[in-house]
Q: 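Shown below is the structure under consideration.
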Amino acid sequence: LLRDRRILSLADQALMSAVNMCSAIIIARTCTKQQLGLYASGLSLVLFMTAVQSALISLPYTIFSPHIKGEEHRTFKGSAFLQQSTLAAVGMLTFLFLGLRGYGASKSLQPILLMLAGCAGLICFRDFARRVSYADLNLASALVLDGMVATVQLGGIAALALTRTLTAGRALGIVGLATGLAGALWLSKGWNSMR
């Protein structure tokens, strides 16, 4: 059983690394260097947001979750979900404020910030769902979610590349769509495990 969990964990990590690398390669081959840089900048901002989320919410959940059982666990999980939702909303509002105010070295960052205002919370929620699945030792669920993200993300980015309409903002939007669909699936399946 432990060996199976290790294999699932390694497969999940390999899948997500491959998807992110392939997405960057498609953008690099299709778009300008500036668009690739904007995509990387947008992802860096989201990664910062997920790092804060991990430190404040996911890591404590991972540490304390195995020691809590029954109804108390459902309440603890629901509390973590509400905390994650609040943090995601604050992050998205921050991106919206920065995007509307036109912050950044150039106006080219403004559309990225506005796109992140719509999708950063979805990307963070998928990361939260993934980490909760790992903490609950439900690695198959995490692998299914990441498989769904991989299919939609690579399919969407490739479709935009083939039609020559791919930009950094649209690529981030596809990532948000893919993670949003996966997060919605996880939430629909795990809703009863939270209170």
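Only this structure's heavy atoms are used, side chains among them; waters, hydrogens and symmetry mates stay out.
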Q: Applying the 4.5 Å side-chain criterion to the ILVMFWY set and letting contacts propagate, would Leu160 and Leu36 be lumped into a single cluster?
A: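 Linked, Leu160 and Leu36 end up in one cluster.
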Q: Search all heavy atoms of Gly42 against all heavy atoms of Leu116 and return the closest pair with its distance.
A: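 Scanning both residues, the minimum pair turns out to be O-CD1, 3.7 Å.
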Q: Same cluster for Leu145 and Leu122 if Ile/Leu/Val/Met/Phe/Trp/Tyr side chains link at under 4.5 Å?
A: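 They do not share one cluster, since no chain of ILVMFWY contacts under 4.5 Å joins Leu145 to Leu122.
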Q: Linking I/L/V/M/F/W/Y whenever their side-chain heavy atoms sit closer than 4.5 Å, directly or via other members, would Met194 and Phe125 fall into one cluster?
A: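 Met194 clusters together with Phe125.
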Q: Taking the side chain as everything from C-beta on, heavy atoms only, tell me whether Phe81 gets closer than 4.5 Å to Val132.
A: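 Of all side-chain heavy-atom pairs linking Val132 with Phe81, none is under 4.5 Å.
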Q: Check whether Gln153 reaches the backbone of Val175 with its side chain - one donor and one acceptor, N or O, closer than 3.5 Å.
A: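 No; judged by distance alone, with no hydrogens or angles, the pair does not exist.
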Q: Say whether, by atom type as modelled, one donor and one acceptor occur between the side chain of Arg170 and the main chain of Thr165 under 3.5 angstrom.
A: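 Such a contact is found between Arg170 side chain and Thr165 backbone.
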Q: Under 3.5 Å, is there a donor-acceptor pair between the Ser79 and Gln83 side chains?
A: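 Looking only at side-chain atoms, Gln83 and Ser79 do form a donor-acceptor pair, the distance falling under 3.5 Å.
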Q: Are the side chains of Ser108 and Leu38 in touch, meaning some heavy atoms are under 4.5 Å apart?
A: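 Yes. Closest side-chain heavy atoms under 4.5 Å.
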Q: Do the side chain of Thr94 and the main chain of Val90 share a donor and acceptor less than 3.5 angstrom apart?
A: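 Side chain of Thr94 to backbone of Val90: a pair is present.
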Q: Side chains of Asp146 and Arg126: closer than 4.5 Å at any heavy-atom pair?
A: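 Answer yes - side chains close enough.
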Q: Just how far is it from atom CD of Gln53 to atom CG of Leu87, taken to the nearest 0.5 Å?
A: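 Rounded to the nearest 0.5 Å, the CD-CG separation comes out at 6.0 Å.
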Q: Sort out for me which residue in Thr179, Thr50, Leu47 forms a side-chain contact (heavy atoms from CB on, under 4.5 Å) with Asp127.
A: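 The passing option is Thr50.
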Q: Please tell me whether Ile57 and Met92 are part of a single hydrophobic cluster in this structure, the criterion being side-chain heavy atoms less than 4.5 Å apart.
A: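 No; Met92 is not reachable from Ile57 via cluster members.
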Q: Quick check: closest heavy atoms across Cys124 and Val46, and the distance to 0.1 Å?
A: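 So the minimum-distance heavy-atom pair works out to SG-O, 4.4 Å.
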Q: Under the 3.5 angstrom rule, does the side chain of Thr30 hit a backbone N or O of Ile27 as a donor-acceptor pair?
A: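 Checking the backbone N and O of Ile27 against the side chain of Thr30, no donor-acceptor pair under 3.5 Å is found.
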Q: Does Tyr39 reach the side chain of Cys31, with side-chain heavy atoms less than 4.5 Å apart?
A: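 No, side chains not in contact.
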Q: Indicate the atoms forming the closest heavy-atom contact of Ala120 with Phe95, along with that distance.
A: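 Minimum heavy-atom separation between Ala120 and Phe95: CB-CE1, 3.6 Å.
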Q: Would you say Arg195's side chain and Lys77's backbone share a donor-acceptor pair under 3.5 angstrom?
A: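 Answer holds: no.
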Q: To the nearest 0.5 Å, what is the distance between CD1 on Ile157 and OG on Ser23?
A: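 It is 3.5 Å, given to the nearest 0.5 Å.
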Q: With hydrophobic residues grouped by side-chain heavy-atom distances under 4.5 Å, do Leu143 and Leu185 end up in a single group?
A: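 No; Leu185 is not reachable from Leu143 via cluster members.
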Q: On a heavy-atom basis, which atom in Gly99 and which in Leu113 lie closest, and how many Å separate them?
A: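 Between these two residues, the closest heavy atoms are CA-CB, 3.8 Å.
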Q: Working to the nearest 0.5 Å, report the span between CG of Leu98 and CD1 of Ile112.
A: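 Answer for the CG-CD1 pair, Leu98 versus Ile112, is 13.5 Å.
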Q: Closest approach of Pro60 and Ala55, non-hydrogen atoms and distance?
A: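 Between these two residues, the closest heavy atoms are CD-O, 3.6 Å.
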Q: Is the backbone N or O of Ala51 less than 3.5 Å from a side-chain atom of Ser54, with the two atoms forming a donor-acceptor pair by type?
A: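 Judged by distance alone, no pair lies under 3.5 Å.
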Q: Do you know the tightest heavy-atom contact between Gly169 and Gln35?
A: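 Answer, listing the atom of Gly169 first, then Gln35: N-OE1, 4.5 Å.
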Q: The test is side chain to side chain contact (heavy atoms under 4.5 Å, CB included); show your working for Leu181 and Val149 and say whether it passes.
A: CA-CA 8 Å; Leu181 291 172; Val149 169; over 6 Å; no
Q: Give a yes or no on this: more than 12 heavy atoms of other residues, nucleotides or ligands lie within 6.0 Å of atom CD of Gln13.
A: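 Atom CD in Gln13 is packed in, count exceeds 12.
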Q: To the nearest 0.5 Å, what is the distance between CG (Asn138) and CG (Leu8)?
A: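 Spacing of CG (Asn138) from CG (Leu8) equals 9.5 Å.
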Q: What is the distance from atom CG of Asp136 to atom OG of Ser65, rounded to the nearest 0.5 Å?
A: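 One finds 4.5 Å between CG of Asp136 and OG of Ser65.
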Q: How long is the gap from OG1 on Thr62 to CG on Leu59, to the nearest 0.5 Å?
A: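 Rounded to the nearest 0.5 Å, the OG1-CG separation comes to 6.0 Å.
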Q: Parallel, tilted or perpendicular: which fits the ring planes of Trp186 and Phe128, with parallel below 30° and perpendicular above 60°?
A: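 Taking Phe128 first and then Trp186, their aromatic rings stand perpendicular (interplane angle over 60°).
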Q: Hey, does Arg130 have a side-chain heavy atom less than 4.5 Å from the side chain of Asp12?
A: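 They are in side-chain contact.
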